[in-house]
Protein chains: 4
Amino acid sequence: MSPKTPEQNARIRAESRQRIMAAAMHLFARDGYERTSIAGIAREAGVAKGLLYNYFSSKEDLLRTLILEAFSGGDEQIANLVAADPRSTLRNLLKWFFDEMRQRPEHWRLITEITLRVDKYAFVHELAKAKMEEYVQVLSRLFAQLNYTDPLNEARLFVGILDGIGVEALVLKDDYPLAAMEKFLLKKYCDENK
Amino acid sequence: MSPKTPEQNARIRAESRQRIMAAAMHLFARDGYERTSIAGIAREAGVAKGLLYNYFSSKEDLLRTLILEAFSGGDEQIANLVAADPRSTLRNLLKWFFDEMRQRPEHWRLITEITLRVDKYAFVHELAKAKMEEYVQVLSRLFAQLNYTDPLNEARLFVGILDGIGVEALVLKDDYPLAAMEKFLLKKYCDENK
Amino acid sequence: MSPKTPEQNARIRAESRQRIMAAAMHLFARDGYERTSIAGIAREAGVAKGLLYNYFSSKEDLLRTLILEAFSGGDEQIANLVAADPRSTLRNLLKWFFDEMRQRPEHWRLITEITLRVDKYAFVHELAKAKMEEYVQVLSRLFAQLNYTDPLNEARLFVGILDGIGVEALVLKDDYPLAAMEKFLLKKYCDENK
Amino acid sequence: MSPKTPEQNARIRAESRQRIMAAAMHLFARDGYERTSIAGIAREAGVAKGLLYNYFSSKEDLLRTLILEAFSGGDEQIANLVAADPRSTLRNLLKWFFDEMRQRPEHWRLITEITLRVDKYAFVHELAKAKMEEYVQVLSRLFAQLNYTDPLNEARLFVGILDGIGVEALVLKDDYPLAAMEKFLLKKYCDENK
DNA sequence: TATGAATGAGTATTCATTCAT
DNA sequence: AATGAATGAATACTCATTCAT
């Protein structure tokens, strides 16, 4: 008789929104942004096409939302990896990275693909640049503490290594020796006896 | 009006084909595969849309042809980089890589983008895997000659580094310090005094 | 919480209904029937979309209601314009018409637009025809009293003039010399010395 | 074997374009611009939806083309109505107008509807204003030659009359006494004995 | 009485592909 | 070998309407 309470509506909205975002993330990651249709996302989410536009103003707005959330979600997690000594921090970071590659490869595939299509989605350029610089700065300090002679470029190299391994693991999938590389890098960067 | 000789026809065919491929490569690289239209390729090539289907059975077939050629073209060039001593070979390789990133970034953007869309274009998976293994083997031998303790993984790391720097340079464009990284890597891998 | 009395309910109903109608009239007039959305009307009226369907069975029903009311509303006003002598009645009529064009141009734009879309909204045809004949009859009597030789066609002409000036004023807006035409027609039809 | 000659193509294109324009004119006029779908136009024209976009960049572009053509077509015809003496010119004009209303009512319905929806299609405002002023000027000269005391406003009135009768004839259709009004106006404006 | 989340048919537009010439 | 007019399935997006609360 009486309309739904604001709380009920908020919950319903949050749920629908979440389902749509999860479906979109899955499909964007699996098939790429361009190859994913709104109809497909709606079907995957189990809602009608039109509902999507109650929550996102366009397909690109949905993408933007996912990207922003992915980037900011990453930030929090990385903040948790910082340890007392630099070598442990590096170790945590490497372990986190390889775990992610094993557990959410599709998620990272999307991030990588979108990041490469920079021209079309200009906001990504700024975002990626800011993140990159942030990571390089943090790593640079770590390498300085470890007395590397050129910590800035070591930091850039380290980021590049992770990026490169990421791309290769995404392409070669089970054929890429993730475990071996993890061990190798842990030894190279975190071995106390070195 | 007069019937053409078989030789003339062959030449004409080769030329048209080449123009179409050049136009397609340019546009695929600049705008991405999905965002490039057959009409656009035909316009860029200065031919009619229909002609395209005399040479390629579909848009994807055209893509496939370009990818195959790009990969095999790379092979030849890399073969030329091999020098007498391993350190010079590494130096040539690094210099070639950084030159390519400076001169044909869009070309490599396409290769990278397509390579990431592995599921859709399954043939790429095999191709990429074969190339990767080939490169790793060659590099592995180089690192063995240079007495690295784990030459196989060093080779994988090296390939990963180039991949990663490539991705970052493509994303950050002029904001990425290509020159600094080139110098840094040349010192790290090719400095005789080390 | 406490159950409302029937009187309260009736008042609430009347108010909601009125707000919806006012909002719809405003938007239909400003943007046209097709370009106005139910969502927009609800927003303008400050009610939920669903409520609209408690009072009107469809968008078209809402339109119909507005049209009927506009026509019958006009009747009342026009009845008040009748004066003792025919020339004064004509003068009142002209003044009322030009005042309306100045004060509620959008209202008349809607009436005109809808009236033209006769096929789609068949009920308008009958309505318009009935009104037209009624006006022509009244005017015809006026012109007969003023000893015009062909009062029936003079009446039709007079109605046509008002319609025509209405359309032109709606199209040309501030570029149409409403004041000059008002003066001109008053002189033509109501000048005692003529 | 050989491709179509440019002449063949030009003819084919002109024909298709014409069929699409005729279909669009018909449907826009009958159902209104908003209620007419591209699919409907294509069906009426007997072509595929896509073909429409080979000739017009959008639905609005198609409308614009039709409007411009309708306005410029009118110009030519009206130029032919000018006669040696002003009374004959007026007679030609009135006859032309009533003939048009009898023969192409739907055409004029479209012009009127679009002209009223000025806000959305700003280019119409300018067009209509220019035409109106042009007609008023020509008529003003005619009325001056006929020694009317206020030729400018007489001209405006005359244009208004035609507009008004047009609107009413469009709405009332066969119920509007077009013939009677024609005779009445011819007598009023063109009777030599008056 | 009133709400607003949800639906799905409908819209304009794009584009790979075909085919008569 | 080459053309480009034509096709129609697919796409993102809109919006009147329903209905559980």
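A note on names: the letters A, B, ... follow the listed sequences, proteins ahead of strands, and every chain is numbered from 1.
The separation between B/Glu60 atom CD and E/dC15 atom C1' is 16 Å, rounded to whole Å. Going from atom NZ of C/Lys59 over to atom P of F/dA16 covers 4 Å, rounded to whole Å. In this structure, the CG atom of D/Leu63 is 15 Å from the C1' atom of E/dA12, given to the nearest Å. The distance between atom OH of A/Tyr55 and atom P of F/dC13, rounded to the nearest whole Å, is 18 Å. Computed from coordinates, the D/Ile20 CD1 to F/dA6 P distance equals 8 Å when rounded to whole Å.
For C/Arg13 and E/dT1, the shortest distance from a side-chain N or O to OP1 or OP2 is below 4.0 Å. Side-chain nitrogen and oxygen atoms of A/Tyr53 include none within less than 4.0 Å of the OP1 or OP2 phosphate oxygen of F/dC15. Contact annotation: B/Ser16 side-chain N/O to F/dA2 OP1/OP2 distance is under 4.0 Å.
As judged by a 4.0 angstrom heavy-atom cut-off over every strand, A/Ile12 is placed among residues touching the sugar-phosphate backbone only. Using a 4.0 Å heavy-atom cutoff across all strands shown, C/Ser57 reaches no nucleic acid atom at all. Using a 4.0 Å heavy-atom cutoff across all strands shown, D/Asn54 reaches at least one base atom of the nucleic acid.
Counting only Watson-Crick or G-U wobble pairs whose defining distances are both under 3.5 Å, the stems of 3 or more consecutive pairs in DNA chain E are E:2-21 with F:2-21.
Nucleotides of DNA chain F nearest to D/Gly46 and C/Leu51 differ in position, and the one nearer the 5' end is that of D/Gly46.
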